[in-house]
Structure formats: C-alpha cells, structure tokens
Amino acid sequence: MSDLFKPGPEQKFTFGLWTVGSIGRDSFGEPVRQTMSPVDLVHLLAGVGAYGVNFHDNDLVPIDATSAQRDRIVSNFKNALAETGMVVPMATTNLFSDASFKDGAFTSNDPKVRAYALQKTLNAIDLGVELGAKIHVFWGGREGTETDAAKDPLEAGKRTREAMNFLCEYVKDNGYDLKFALEAKPNEPRGDIYLPTTGAMLGFIATLDHPEMVGVNPEVAHEHMAGLNFLHAVAQAWDAGKLFHIDLNDQAFGRYDQDFRFGAVNIKSAFFLVKFLEDVGYQGSRHFDAHAYRTEDYEGVKSFARGCMRTYLILMDKAARWNADSEIQALLLEINADDGSMEAFKGSYSTAKAAALKEQDFDRQSMGSKGLAYERLDQLTVDLLLGTR
Ligand code: GCO
Ligand code: MN
Ligand code: MN
C-alpha cells in the first residue's frame, strides 16, 4: 500500500475495543473468532496505525469484577497504552447488555434500574477519565419500547433529562475535563429507540441544565437506517457547535444495523462527508464504529481496520482534488453567481427593506427556465471518484 495513504496521529483515527474485538456473534450465529484481550487489541490497533482506542466500561472491566481485579486490568491496559503510544479519547457506558437493562437504563420504569444505571455511569466516567478520555458517549440502545403501552414517552424524556443533568453536575463537582456526546439510533435492538435522530438529540440538548457540556456523536449507519442524509445531520450538528465526536462506518439503506467498514457501501456519501469534515476543520476523533465481516479471521480484522483508515485518506485526497479542480470550481462559481442586483434585500429585516421587496418585479420565467448544470457537476464528481479524472 502506498505511503500517501498512511494514517498519522493528525487524523485521530480511533476504534472501539468492541469493534476490532467483535467476535462475530449475531442473533443467528455463534462467535467465529476467539476473544482477544483488551491489551492484545491495543497492540493490534497500534500495529495497523490507529491513533487511539475507545471502550465501554465492560469491554475493559467485566461487569462483575472485584475492585482488585479492576485495578489490575486497568494497570495492564495503561502499560499497553504506554508501550504503544495509543491514547483513549473517548469512553462510554454499556447500558444495554445486562438483563437488568432489558427495558432501558435511564428510561426504565423501575427506579432501581434507573439508579443502578446512574451508578454504573458514574463509575464508567471515573474509569474513562482515569485513562484520559475527554468525551463520554451515551448510546441508549435499550431506551425505547416495543409497545407504547409500556412506557410514557414524556416520562421517558423527563427521566433522560434528569439523568443527564445529574451526570453533568457530577462532572463539574469532580472538576473533570469531560464533555458528553449523545448518539442517536432509530431502532435496534429496541423496536423503537427514543430520540431517534441526531436532529432529535440536538433539540433535546437545548432542554438540559448545562447544554454547553453536551454535544452529539452522529453515526453514519444510524442516520442511514432512518433513510436520512448523514451529511446534513453532521452539518447541522457542526453549525450548532455540537459535533463533539463522530462514528464512521457504512450501511445500506433499509437494512439492519450493518456497521460495515467505512466507505464499504456508499462511496459518494462517504466522499461528501470526508470533504465536509476536512473543509470545516473538524478536530475531534475520527472514530470507526464498525466491525469486520463475520467471514473474517484476525488477519481480516486488520484488513478491515486498515481499510477504514485508507478509504478515509483516499477520500481526503479526492476532496483536495475536487477543491482544486478548475472545471468543478468554475461550475461552482457559475452556480453561485451573484450580479449584485439583490443587495438591497439581503441581511436583517427593516420595514423599508420589506416594503421595497414587495415592490420588486421578478422574472419568474427566466429564473425557472435556467439550467443549473448539476448533472455535469455530479458527473465530474463521479469521474473524479472513479479515478478517470
Ligand atoms: C450500535 C452503536 C454502538 C455505540 C456504542 C458506543 O449501534 O451498536 O453504534 O456501537 O456507538 O455503544 O456508545
Ligand atoms: Mn451502530
Ligand atoms: Mn455507534
């Protein structure tokens, strides 16, 4: 593989322990790969050139570990990080695997489950912070319903808000340098999950006591499952100053949560996403929340991880070419041409401006009949992506 597409620390490419560590169990089949220890996974990731590793509390420390076991595991993990130079930018809490969370964690109807979920998150926050994490992700996999007879959606929203407010105060109380990133998903494993899209999360964040501490962690696959345009969700989050983290992977529309290698399905949407992140100067982790096909052994897992980063880097190069392409740029100038004749109507409102606008004649015929050349522009993009340009 050519050096041009060699990952470096500046891209902040990260993977979850649960991603390269996936043993390929699914609802229909048993594991196809041996479990690898967190320490070995750190070495695997360092070997393929990743920058960092993220984890759920129980990816690292089993849920029933004693505190002595916890301390030993954490110390071994720290040694592996030190040996490899890998960092932990993000941590998260597993609030979905244990049977106690079968009806949700923060939204469970059982106050004991809600309290346990809070306790588990406090410990996961401590663990993440101890290992250097600056972001804590919340993915409410079980926060939903199969039947709306079971849970009141207003109550569920209030419970989630109360939990997030409590956790923000905990972070402040402890003086942690930590922000939260909320990750939406429309369904799976629940029939329906609350706050199903990034847009819904953004609306919810504005209702919190400390909205400045909370942003989003949009995931390609999750917006695609909802049939939405991922780039548009990311752009809205960026515009709101809320793009704290991102989960990169791929997914065919209308399918189950596939979590495929980045760029494995929708090259064109992946391209516009990479171009956006690079154009705006996104500085957060580029986290791959995906896993290797179930057909793979650990060599295949390495190919998967290298492939995620390589595709990102290739698309970065394509984005730079797109921005430097004189024909594409000339078309863009044409598309966005402005003869200055509408200057008087731009900007903020005034009574005089509104009155003048009402008097203005518009040539609807010429506006409506002008061809926009988007076909040519799109084909130039396709040519560039396919390497014929
Ligand atoms: C999924 C989710 C998770 C979360 C992870 C971190 O669909 O399984 O994307 O992988 O990202 O739990 O919070
Ligand atoms: Mn996912
Ligand atoms: Mn995710």
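First listed ligand is number 1; within each ligand, the first listed atom is number 1.
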- Please say whether more than 12 non-hydrogen atoms of neighbouring residues, nucleotides or ligands are located less than 6.0 Å from CD in Glu130. yes

Answer key: the N, O or S atom of Asp247 nearest to the Mn ion (ligand 3) is OD2

Atom 3 (C) of ligand 1: closest protein heavy atom, distance to 0.1 Å, is Asp289 OD2, 3.5 Å

Per-atom filter on ligand 1: closer than 4.0 angstrom to a heavy atom of Asp257 are 1 (C), 7 (O)

Note: heavy atom closest to atom 2 (C) of ligand 1, options Lys185, Glu183, His291, belongs to Glu183

Looking at side-chain heavy atoms only, is the closest gap between Thr93 and His56 below 4.5 Å? no

Determine, using ring centers only, whether Tyr293 and Phe304 are less than 6.0 Å apart. no

The atom of Glu219 among N, O or S that is nearest the Mn ion (ligand 3) is OE1

For His56, the ligand 1 atoms with a heavy-atom partner under 4.0 Å come out as 5 (C), 6 (C), 12 (O)

So, do Arg70 and Leu60 sit near enough that their side-chain heavy atoms are less than 4.5 Å apart? no

Requested in this report: Check whether any heavy atom of Trp18 sits under 4.0 Å from an atom of ligand 1.
Outcome: yes

heavy-atom search around atom 8 (O) of ligand 1 in the protein gives Trp139 CH2, 3.6 Å

Under 4.0 Å from one or more heavy atoms of Val137, ligand 1 contributes atoms 13 (O)

Checklist entry - At a 4.0 Å cut-off, with the gap strictly under it, does some heavy atom of Glu188 reach an atom of ligand 1? => result no

Any heavy atom of Asp247 under 4.0 Å from ligand 1? The part involved is side chain

Heavy-atom side-chain contact between Gln251 and Val265 under 4.5 Å | no

Here the gap from Lys318 atom NZ to Leu384 atom CG, rounded to the nearest 0.5 Å, amounts to 5.5 Å

Checklist entry - Does the gap between the ring centers of His287 and Trp18 come in under 6.0 Å? => result yes

| query | Hey, is CD on Glu375 packed in by over 12 heavy atoms from elsewhere, all under 6.0 Å? | reply | no

For the Mn ion (ligand 3), angle spanned by Glu183 OE2 and Asp289 OD2 (nearest 10°) is 160°

Going by the 4.0 angstrom heavy-atom rule, the piece of Asn217 near ligand 1 is neither

Residues at least two apart in sequence or cross-chain that pass salt bridge (charged side-chain N to carboxylate O under 4.0 Å, His left out) with Lys134, listed by chain then number, are none

